[in-house]
Amino acid sequence: MHIVLVLVTIRPEMRTEFEQALLHNARESVGHDRGCRRFDVSQHADDPNRWVLHEVYDDPAAHAHHRQPPHFLAYHAVAARAVIEKTVFRCVSRHVS
């Protein structure tokens with residue numbers, strides 16, 4: 001599994017627009033993107049402008065494919081204006097016995 005963990009901080013005035021675009025992207029990704037197994041979205045309990053995205057794909061190619069459909073491009077356009085800080089971790093799952 002290819003896992004992508006994204007931490008973002010957004011502009012407060014963009015919160016509603018960002019949330020709508022992000023949630024739409026997550027729903028469409030899980031529903032329609034080949035190889036997208038999970039797309040969980042969390043908002044920081046004490047700071048509503050901080051978000052965590054936890055995405056799980058079959059492989060890096062599935063993640064690359066996810067970045068092409070219209071729902072991602074619409075989210076990306078909003079995020080380009082909203083995000084003021086972003087950290088991305090690309091991980092490989094390890095099974096614990």
Side-chain angles (χ1 to χ4, degrees):
M1 292 283 129
H2 178 73
I3 300 164
V4 181
L5 182 64
V6 183
L7 312 174
V8 296
T9 302
I10 62 163
R11 300 178 192 289
E13 66 273 16
M14 298 277 311
R15 189 179 314 138
T16 299
E17 185 178 1
F18 178 81
E19 180 176 1
Q20 291 172 348
L22 174 58
L23 294 177
H24 177 73
N25 181 47
R27 278 191 298 273
E28 291 294 307
S29 296
V30 171
H32 303 289
D33 290 359
R34 173 190 49 81
C36 180
R37 301 296 173 192
R38 293 186 67 103
F39 196 133
D40 298 325
V41 175
S42 301
Q43 190 175 29
H44 194 285
D46 297 323
D47 183 350
N49 299 313
R50 295 176 65 194
W51 295 80
V52 177
L53 290 60
H54 180 258
E55 307 170 44
V56 179
Y57 300 92
D58 287 342
D59 51 40
H63 179 234
H65 173 75
H66 153 75
R67 298 175 60 84
Q68 298 172 6
H71 61 84
F72 174 82
L73 298 176
Y75 159 75
H76 186 66
V78 172
R81 293 182 287 117
V83 173
I84 56 176
E85 186 176 352
K86 179 178 178 179
T87 303
V88 178
F89 297 93
R90 287 176 182 78
C91 310
V92 177
S93 65
R94 299 288 186 233
H95 297 286
V96 179
S97 300

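One-based numbering along the sequence shown.
Nearest heavy-atom pair across I10 and W51 is CD1-NE1, 3.6 Å. Heavy atoms only, all atoms of each residue included: S29 and H71 are closest at OG-CE1, 3.2 Å. Across Q68 and L73, no two heavy atoms sit closer than the pair O-CD1, 3.5 Å. Residue H66 comes nearest to F39 through the heavy atom pair CE1-CE1, 3.8 Å, listed as atom of the first residue, atom of the second, then distance. Residues V4 and R90 share a closest heavy-atom pair of CG2-CG, 4.4 Å. When all heavy atoms of R50 and T9 are compared, the closest pair comes out as CG-OG1, 3.6 Å.
H76 NE2: 12 or fewer foreign heavy atoms inside a 6.0 Å radius.
The side-chain heavy atoms of V8 and F18, taken from C-beta on, include a pair separated by under 4.5 Å.
Here R81 contributes atom CZ and E17 contributes atom CD; the two are 4.5 Å apart, rounded to the nearest 0.5 Å. Here CZ of F89 is found 13.0 Å from CD1 of I3. Values are rounded to the nearest 0.5 Å. Here the straight-line distance linking atom CG of L23 with atom OH of Y75 works out to 10.5 Å at 0.5 Å rounding. Rounded to the nearest 0.5 angstrom, H2 NE2 and D58 CG are separated by 11.0 Å. The line from CD of E55 to SG of C36 is 7.0 Å long, rounded to the nearest 0.5 Å.
For P12, the side chain to side chain contact (heavy atoms under 4.5 Å, CB included) criterion is met by R15, N49, not counting sequence neighbours. Every residue was checked against the salt bridge (Lys or Arg N to Asp or Glu O under 4.0 Å) condition with R11, not counting sequence neighbours, and none meets it.
Cluster annotation: Y57 and V88 are assigned to the same hydrophobic cluster (Ile/Leu/Val/Met/Phe/Trp/Tyr, side-chain heavy-atom contacts under 4.5 Å, transitive). Clustering ILVMFWY residues whenever any of their side-chain heavy atoms sit less than 4.5 angstrom apart, transitively, puts L5 in a cluster other than the one holding V56.
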